[in-house]
Amino acid sequence: MSKLHVTTSVNGQPEEVLCEPHQSLLDVLRDELGLTGTKEGCSTGDCGACSVTLDGRLVCSCLVLAAEAEGKEVGTIEGVANPDGLHVLQQKFLEHAALQCGICTPGFIVAAKVLLERDPNPDETTIRYWLAGNLCRCTGYDKIIRAVQDAATELAHEA
Amino acid sequence: MGDYAYAAPTSLEEALSVLESQANDGQRTQILAGGTDVLVQMRSIDKEPRTLVDIKQIAETNELSIGADEIFIGAAIPSAALNENDELKGLLPGLIEAADLIGSTQIQGRATIGGNLCNSSPAGDTIPALVVVSAVCVIASPGGSREVAVGDFVTGVGQNCLGSNEFLVGLKIPRPGNNSADAYLRFIPRTEMDIAVAGAGVALTLDDGGTCTSARVAIGAVAPTVLLVEAASAALVGTKVDDDALNAAAAACSDAASPITDKRGTVEYRKKVVGVLCKRAGGIARDRASS
Amino acid sequence: MIKVVFPDHLMPNTEGVRETEVDCDSYRSLVRELEKRWPGIEDVLAKTAVAINGQIYQDAWLETIEPSSEVFFMHRIEGG
Amino acid sequence: MAEAHDLKVIGTRPVRPDGVEKVTGRANFGADLYLPGMIHGKVLRSPYAHARIKSVDVSGALAMEGVLAAVSRSDFPEETDDLGQNVIARDKVLYHGHAVAAVAASTPLLAEQALDAIKVDYDVLEPVLSIDQAIADGATLVNEQMHTNGDASQPASNIAAITKFERGDAEKGFAEADVVVEGEFRVPMAHQGYIEPHACTATINEEGKITVWCSTQGHFDVRTQTAAILGTSISKIKVIASEIGGGFGGKLSVYLEPLAVKLSELSNRPVRMVMNREEVFRATGPTSATWCKAKVGAKKDGTITAATAWLSYEAGAFPGAPVGPGCMSVLAPYDLENFSIEGLDVLVNKPKVAAYRAPGAPQAMHAMECVIDDLARELGMDPIDLRLKNAADEGTQAPYGPKFPAIGLKACLEAAKAHPNYTAPVPEGCGRGVACGFWFNIGMQSSAEVLIREDGTVIINEGSPDIGGSRASMCLMAAETLGIPYDRINAHVADTESTGYCNMTGGSRTTFATGMAVVQACEDIIAQCKERAAMTWDIDADQVDWDDGQAVPKPGVNADVDPLSLADIAKTWGRTGGPILGRASVNAQGAGAGFSVNWTDLAVDRETGKVDVKAYTAIQDAGRAIHPAYVEGQMQGGAAQGLGWALNEEYIYDDNGVMENAGFLDYRVPVASDLPMIDTQIVEVPNPTHPYGVRGVGETPITAPLAATSNAVRDALGFRVSELPMSPPRLLEAIDSQEG
């Protein structure tokens, strides 16, 4: 099987990887680039644990071939915090105890960040539907929704 | 067993030539658009290696145009992008709703109407919605291109009329007039993240007095392929699309449905609910057309 | 004398006795006494929980038993 | 025990110590370890639900380039227990998905392809797929050597055990009743649905020293189980618990670890094994499908005179359904003189069940709490009033034997009655359903070491995998005990060679038992600090107090000295005897029972059968909430799991015993848009056996929602649907048959 040479950008850093044609972006992020913050929960696009952005759009990295990332910008959980510290969403997830086991947390934060970039003031229903592709089995979602609402409020104040 | 391979042609011609040469080499090919069905199936149902031909680098498959008479939606445009286009959403709200129902936000970022159609599942949400707006498939063929009505495109469960050397470029849809509107509803047990247990699309045109002058009703997930229910359309034409008319259309849908019992629902359930969906979608389409 | 109650699943080990009285002042002496009556029961009791005056013990080896105590053997609870 | 008003730190809501790692993606879970030379293992699983294995031949796989090892039953000791037979099938495969062989190869894809090259010859047998089938006369036997309750004088049976509890005379009690109601209920097999699939990495060195990294609720148990299945000594195995992505009882047993070790041994490489989601559904332990009958009788004033329950639980392929706890919990909320309970543990050709949050209680309590609800209707009583009338309290003899110490059931019921969500009228078009919940909670064995750094900051080493914020609880209890700020303490889940023995994180025991060990270890530190201060001050240790994080002379002791903080003592510990470390180990007894009251308001679409949950409220006695936000989180998460089970979650099997919905698409756990906010109220009736009054809180939350949801649907529809899940097709069929 011939490997493919893929040039992409991950969290703003140029990356070059050799990958198999069938390998998913998730596999390559985790196995080739060591970015294990993106989690695998199902490999069928049903749990959202592997959420990343691809040219700014929210996707499940299990349903993207690594080869498709050629020339694109990939954003993962590792790129959410900045050198000054945690992103507001990360801080709010902590303050609201919006995680228990934490396996779904990176996916939720990546997804919620895209939401707030598009809709700075989403109502509860909007948040719930936007995040419907991110399964959490621990929290019953309540504290996650509140964390996102609180982050939106804080970001609005900052703006 | 062959190998997996990946190709991302940048023109229609190149794509056709990749399909042709792979076929000549005895290599299986698979068109890749959003990949939300293809990659899942490749890992579970049919693991046989193949060459994935990614059509997202081709200009025509990314084209979205809204003309005076006709709308064109490229086969590689993700649902999320369609949903962000307010003009398109205003013209074809039912179709865009159907596209919006396919999976989560994440799936929306990848899944395409073209892929949903080519997957040719009986439960594909956009197919009834495309049928009621009289969409036509634009197919790239070795000889150039050909066109097939969506209603004739899907030939069976998971089967369609595409040859192994062809692919779907996009969909042409007549631009709806002012008094026309469409709606699509499906039933799923949760609020999100499911495959339709039943689905119903309705497109209507009303005259100035609110009387229905034409109607198309199509139902999904209740037969091997989407059904255009003429009797339901007939029940609406000439009426004000009131409760009686909608109930008659609903009954026609329930009668026309020939579903199976599976993990997602029973025959009885699907037959009943597809009628309920027709009635509700018909009401929405009526209100849209008259506003 | 303290009252000792066995659950049904232990009754095959007690010749069908559900309730008995034993003269003892600690869990250890209770088990020794029961083992004398029904040889082999010590191993079975090691896999059960016991309630002494309402307090449930998965392992009561070090517990004392007051003369007025009631002792109930019961399924060991594990949990998820 | 400390009174609530004396507490400074307990009851606050600080950020958890492992939080930053978990919101940034740095935390390492089961599949996140990469070792040089690591290869990938995959499992070949049975395509049949029941078959005799005639032969297994892995040579075809081994012949493939890049395949480095393959194992089957012959690579493991023949003498093994049920767990060993579940990890790799011996004579028979007992469920679809049962592991038959495993391979390790250079890539995951190659390993998967190599599975196709393994030849297994099966003699296919008829599968037993339900309790009804299993207990019918002449049923096919899942295990030909199985006799009910081990009684070999009787014919072999699929009923592994029959359990009975009784008191008084139920028949007499029913005769005295003015009203008798009964019902028959079915609850489907359900999965814990943790988001992280099982994963491990195993490596073995040249002297046979094994290291396993895995996602587990109990790494000491992984050590015990893996050693037993491999026939080796626990002294050869070190287990490192990764972060764990959910368990709910499903990560107490090994599935992959012994296979990975064996593959590592044969390949001389580190081997990583990760299940896919389909394998998680097909081949790990869900909880029992059940068929339960419940009956209660009461006087007109609501006094319950008798109750009976018949509970049958599917165990899966090996005995061990949680029917014992089902029998013990079914009537736990009530003070009863006459009852009888019978429970059956029934083998079927489905995966061996595992614990799932309050194992056994939700199904049994669903049946009884539905019947209690019907009784309230018959009597025209408010469902909370009826429960208050009969509620167990301190001194009540529990149905399972002992008398309850202080419990919080009445406090929860009274809080519910007064709650604005309950006093508010039921919204138009909705039904409301109430139910009680209960779980025993357990103690068991834990160890903790408390290490002091030379700057006086604190490290806690303990052995309870942190599945939901327990590190924060440990730090809070340590901060409270030591009298120092929370942020000067960190907690570390140590591996099996770096801390004392510890039972699993399960049974709602961690904050209770491991917390007790941490508190005692901190008290050990305080005792040593008092000694060091006494040395410094030339007084006796018993003349020193520990007050607000500092050593001070006791009142009345004549010593003109400045208080010494932990940091002060640490700074000069070289001259007072060297570094300070504390330790404690416990076999904690007396975990306090946890009671709850839940209710929900929901609407049913009568044309589609779909349920829309509008509101949900959970009230629970936590004893004392160490970190209230994580207690609320347990209550909310349990409610969500219970709602999912009540409404949509189920294993769907075809006639051959093949699960048809082995994925998150069709095994429908609730998504964010399915649920409302889940309101909580924590009641605190302290548990006297814990230094801070803790009861377990993790499991009780799933015991009430099934019945609360059923009772709300009953209220909304006007008739009862007694089979779960109340999925749209089932509800619509019921609605149509009522209307038809």
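Residue numbers start from 1 in every chain, and the chains themselves are labelled A, B, ... in the order their sequence lines are given, proteins ahead of strands. Owing to the predicted nature of the structure, the values given are computational and were not obtained by experimental measurement.
Looking at A/Glu70, neither its backbone nor its side chain comes within 4.5 Å of chain B, counting heavy atoms on both sides. For B/Ser44, no part lies near chain A; criterion is any non-hydrogen pair under 4.5 Å. Looking at A/Thr53, neither its backbone nor its side chain comes within 4.5 Å of chain B, counting heavy atoms on both sides. If you measure heavy-atom distances from B/Glu192 to chain A, the contacts under 4.5 Å come from the side chain alone. When heavy atoms are compared at a cutoff of 4.5 Å, B/Ala8 does not approach chain A at all. Neither the backbone nor the side chain of B/Gln30 comes within contact range of chain A; no heavy atom of the residue lies under 4.5 Å from a heavy atom of that chain.
Rounding to the nearest 0.5 Å gives a distance of 9.0 Å between CG of B/Asp3 and CD of A/Glu20. Taking CD of A/Glu68 as the start and OH of B/Tyr6 as the end, the distance is 5.0 Å to the nearest 0.5 Å.
Residue A/His157 qualifies as open at atom NE2: its count of foreign heavy atoms under 6.0 Å is 12 or below.
Ranked by non-hydrogen atom pairs under 4.5 Å with chain A, the options B/Gln57, B/Arg190, B/Arg110 are led by B/Arg110. Residue with the most contacts toward chain A among B/Pro78, B/Gly109, B/Gly103, B/Ser104: B/Gly109 (heavy-atom pairs, distance under 4.5 Å).
For residues 58-65 of chain A, the interface with chain B (any heavy-atom pair closer than 4.5 Å) comprises A/Leu58, A/Val59, A/Cys60, A/Cys62, A/Leu63, A/Val64, A/Leu65, sorted by residue number. Contact residues of residues 124-146 of chain A toward chain B are A/Tyr129, A/Trp130, A/Ala132, A/Gly133, A/Asn134 (heavy-atom distance under 4.5 Å). Contacts with chain B (heavy atom to heavy atom, under 4.5 Å) involve no residue of residues 93-108 of chain A.
Side-chain contact check for A/His22 versus B/Leu52: every heavy-atom pair is 4.5 Å or farther apart.
Considering every non-hydrogen atom in both B/Ala80 and A/Arg57, the closest pair reads CB-NH1, 3.2 Å. When every heavy atom of B/Arg43 is checked against every heavy atom of A/Ser43, the shortest pair comes out as NH1-O, 3.0 Å.
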Would you list the atom pairs, donor with acceptor, under 3.5 Å between side chains in residues 32-41 of chain B and any protein atom, with sequence neighbours excluded?
{"unit_1": "B/Asp37", "atom_1": "OD2", "unit_2": "B/Asn119", "atom_2": "ND2", "d": "3.2"}
{"unit_1": "B/Gln41", "atom_1": "NE2", "unit_2": "B/Asn119", "atom_2": "OD1", "d": "3.0"}

